[in-house]
Amino acid sequence: MPESLIVLLALVVVVGGAFLVVRRSKTRVPSKERPSPSRPQRSPGSTQAPDLSTEPILDRTEAVPVPSEPPTTPSTSVRPSLKDRLSRSRKFFSDRLADVLSGGVDEDVFDDLEAMLIQADIGVEIASRITADIKAKASRSSSGEEIKALLADELIELFDAQRDRDLVFAPESPTVWMIVGVNGTGKTTTIGKLANDLRERGHSVALAAADTFRAAADEQLAVWAERTGSQMVKHQPGADPGAVAFDAYRFAAARDVDVLVIDTAGRLHTKTPLMDELSKIRRVIEKEGKVHEALLVIDATAGQNGLVQAKEFSEASGVTGVVLTKLDGSAKGGIVLAIEHTLGLPVKLIGVGEGIDDLEPFEPKAFVDALLS
Amino acid sequence: MFDSLSSRLDEIFTRLRSKGRLSEKQIDEVLREIRLALLEADVSLKVVKAFVVDVRERAAGAEIHTSLTPAQQVIKIVNQALIDILGHETAGLKHTDRPPRVILMAGLQGSGKTTASAKLAKLLKGQGRKPLLAACDLRRPAAIRQLQLLGEQVGVPVHFFEGAAEPEVVAAGALQEARNEGFTDLIVDTAGRMNVDADLMAELGRVASVVSPTETLLVCDAMTGQDAVNVAEAFLQEVEVSGIVLTKLDGDARGGAALSMSFVTQRPIKFAGVGEKLGDLEPFHPDRMASRILGMGDVLTLIEKAESAFDEAEARKMEEKLRKADFTFEDFLDQMQALKKMGPMSQILGMLPGMGKMPLDPSQIDSQLPKVEAMIRSMTPAERNDPTVIKGSRRQRIAKGSGSSIQDVNKLVKQFEQVRKMVRSMSGKKAKLPPGMKLPPGMGF
């Protein structure tokens with residue numbers, strides 16, 4: 001039962017916290033005295049919560065004595081030698097694959113293959129498994145080309161070929177798509193590209209500026225609305241995003257707008273109140289209509305944390321698909337492989353550039369080819 | 001999720017009771033775990049390889065510490081090697097004899113340059129300096145407006161040139177304004193760019209040559225994966241990176257990108273973005289990052305937070321109570337209030353080492369705690385001070401009052417009693433941390 005554990009754990013933390021403070025205060029150097037935080041005296045039985053706003057939650061200005069041991073080796077002598085070991089070559093995957101495979105198949109080949117997969121952010125677990133599979137399937141006489149084909153097959157298999165990757169439209173308008181993700185993945189830009197695509201196909205589009213947190217987010221969205229000839233619904237900065245979404249939905253329904261795209265503020269998946277806000281946006285729309293797509297925007301540079309993000313966002317907003325952005329950089333975006341494979345979330349779109357047309361449907365084969373190129 | 005390196009190393013070494021020098025085979029086994037831990041933390045593979053070689057050398061020549069177990073010994077070596085890369089001290093900004101000090105912000109799209117610029121401006125202003133912000137991101141729609149609004153919020157003027165086509169022109173104008181108006185610092189926000197986009201990278205070089213920055217800070221998202229090496233190398237070719245700003249560190253990413261970037265650029269990480277508020281930029285602590293990358297928890301930050309949330313006298317009183325095992329619901333409530341000030345519970349738990357051993361998703365805690373609090377608040381003072389009186393009808397009343405079920409109340413009371421028992425058995429011995437909360441070596445108090 002999760003609850004019981006939680007109580008137990010909360011207590012452990014409380015106890016631990018008290019010990020930490022005491023242990024530390026015992027060893028505190030007298031000269032490093034710091035003013036003890038002033039806070040209202042709480043009498044036992046008082047249920048009044050302390051005023052959180054009046055004192056710094058975390059005061060970093062004080063010098064904290066950091067216990068440190070002398071370094072075992074002077075740093076100056078370590079860095080250059082370490083640096084020397086780094087090869088500066090930044091070859092493309094295919095070149096390296098060719099290099100690897102030209103030497104005939106031996107144990108090293110598989111190690112290198114695994115390394116290449118890891119470097120594409122696929123994750124150690126999947127990379128090791130794929131490598132082991134290929135090793136089992138390959139024979140001593142396998143050619144480089146055969147191994148490469150085996151590798152491509154393995155990777156494509158991780159994507160479900162039967163999975164529907166088309167964006168869902170409502171039988172009756174408005175269709176509602178909400179766009180979610182952590183900060184800086186390219187949500188607003190993706191919306192601009194989506195709106196452009198929809199407009200080109202003759203749909204009427206409304207954008208909801210439900211990112212009321214970031215400075216000038218609504219203005220950024222307004223630029224896209226203007227560029228694409230879409231309508232836009234916004235409130236004052238700092239307004240309740242749920243209210244914006246609701247008004248936008250009413251607006252879209254009343255004016256017979258085909259597709260409503262909701263922009264949300266970037267948020268880290270660890271912030272519970274912000275994640276709850278996403279659930280709320282979905283709920284308010286579902287009072288009168290339906291959210292047909294909740295698209296999670298993942299940045300191609302994302303590392304293993306992308307998997308946690310996808311899981312958390314799914315729980316909060318019922319993610320229906322993934323948009324992989326910034327694939328025009330040097331990052332391979334291998335984390336989406338892990339996301340689709342472990343969480344079953346289909347990758348639906350990819351962003352491949354800064355142009356308004358640079359949004360494409362996701363195709364597993366093309367993606368894998370690019371990954372191996 | 002929090003399967004930490006230290007717990008995995010512990011596993012390896014449980015088979016081996018003796019202390020002392022490590023054997024070749026053990027070192028191999030250990031290095032494999034370290035490699036895995038670093039890769040899972042998103043440290044770039046080439047950095048991992050170089051790092052592992054370094055650790056092997058150090059481990060082979062390591063002296064015998066009789067006071068340390070083999071696991072602790074290895075972790076100490078690894079920790080030290082990490083800190084050697086990340087830097088030994090918290091690095092501040094460079095000074096210049098001829099003000100203004102120009103700080104150029106560079107990075108990929110979405111890494112958080114504009115926000116970091118405003119946060120830095122606020123930080124400098126708080127130090128009594130007079131910063132000016134320059135809006136040189138002319139590409140992203142409304143980027144200038146964003147910086148203007150942020151400038152207003154932190155009370156720092158923003159130099160901009162609506163309709164400008166070239167960022168270097170804006171930068172030159174900003175530098176002129178900074179000189180004329182006696183600004184001490186000029187923070188230049190630039191457009192995000194792909195490291196493979198040669199034109200845009202060259203543009204960054206031009207901006208740099210116009211303002212000749214004292215500091216060029218590479219802004220890096222803590223959630224970045226393997227590509228961090230390529231990004232750092234590409235920016236290094238175009239501008240003289242002097243330091244790194246690590247953003248979005250308030251998430252739960254291990255932040256291995258920090259190590260990759262620092263390793264490639266051989267520059268220190270100077271600041272870390274730890275929240276959405278404009279005050280949430282902190283000097284970077286290499287030692288803490290080392291533990292985070294290794295999944296050993298950020299004990300020092302936790303302690304710092306605890307210090308500002310608990311006061312000493314109360315903590316002593318609490319320890320006394322714990323020893324005598326008369327810890328009541330009342331005390332629990334008090335502790336919970338103090339703990340709340342430290343931030344979300346899930347975040348605090350993330351900083352604790354040994355979380356890997358707890359079969360629990362910490363993100364659930366924040367949603368569960370209010371329920372627990374409601375139940376305790378529905379108890380009378382007598383009930384809080386002596387949970388044993390909580391019987392049938394009282395349980396019913398508490399459940400009603402807190403909007404929970406009787407089962408929930410039962411569970412709470414039962415669990416509380418168990419913990420009290422646990423505490424009682426602990427307090428017989430010396431006060432010590434609960435199991436699974438071992439402190440990493442080098443971080444003792």
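In this text, all values refer to a predicted model and were calculated from it rather than measured experimentally. Numbers restart at 1 for each chain; the letters A, B, ... are given by sequence-line order, proteins then strands.
For A/Glu219 and B/Gln146, the side-chain atoms include no donor-acceptor pair closer than 3.5 Å. A/Ser330 and B/Asp227 form a side-chain donor-acceptor contact under 3.5 Å, judged by distance and modelled atom types alone. Side chains of A/Asn305 and B/Asp252: a donor on one and an acceptor on the other come within 3.5 Å.
Put simply, the side chain of B/Met223 reaches to within 4.5 Å of the side chain of A/Gln309, judged on heavy atoms. Put simply, the side chain of A/Leu268 reaches to within 4.5 Å of the side chain of B/Asp250, judged on heavy atoms. Side chains of A/Asn183 and B/Lys248 form a contact here, defined as non-hydrogen atoms less than 4.5 Å apart.
Heavy atoms of B/Arg140 lying under 4.5 Å from chain A belong exclusively to its side chain. Neither the backbone nor the side chain of A/Thr185 comes within less than 4.5 Å of any heavy atom of chain B. Only the side chain of A/Glu114 comes within less than 4.5 Å of a heavy atom of chain B; its backbone N, CA, C and O stay farther away. Contacts of A/Leu274 with chain B are made by side-chain atoms alone, with heavy-atom separations under 4.5 Å and no backbone atom involved. Of the two parts of B/Glu276, the backbone and the side chain both hold a non-hydrogen atom closer than 4.5 Å to a non-hydrogen atom of chain A. Only the side chain of B/Leu108 comes within less than 4.5 Å of a heavy atom in chain A; its backbone stays farther off. There is no contact between B/Ser44 and chain A, counting heavy-atom distances below 4.5 Å. If you measure heavy-atom distances from A/Asp276 to chain B, you find no contacts under 4.5 Å at all.
A distance of 6.0 Å separates CG in B/Leu45 from CD1 in A/Ile118, rounded to the nearest 0.5 Å. Atom CD of B/Gln109 sits about 7.0 Å away from atom CG of A/Asp328, to the nearest 0.5 Å.
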As a quick check of understanding, evaluate side-chain contact (heavy atoms from CB on, under 4.5 Å) for A/Thr301 and B/Asp221, giving each step before the final call.
CA-CA 9 Å; A/Thr301 57; B/Asp221 185 330; 6.0 Å; no
Please evaluate residues A/Glu354 and B/Arg139 with respect to the criterion salt bridge (charged side-chain N to carboxylate O under 4.0 Å, His left out), reporting the C-alpha separation (whole Å), side-chain torsions for both, the decisive distance (0.1 Å), and the verdict.
CA-CA 10 Å; A/Glu354 287 188 292; B/Arg139 301 183 65 86; 3.4 Å; yes
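The two residues A/Ala216 and B/Leu149 make their nearest non-hydrogen contact at N-CD1, 3.4 Å. Nearest approach of A/Gln220 to B/Ala142, heavy atoms of both residues: N-CB, 3.4 Å.
No more than 12 heavy atoms of other residues, nucleotides or ligands shown are found within 6.0 angstrom of CD on B/Glu89.
By number of non-hydrogen pairs under 4.5 angstrom with chain B, the leading residue of A/Gly186, A/Gly123, A/Ala215, A/Ala222 is A/Ala215.
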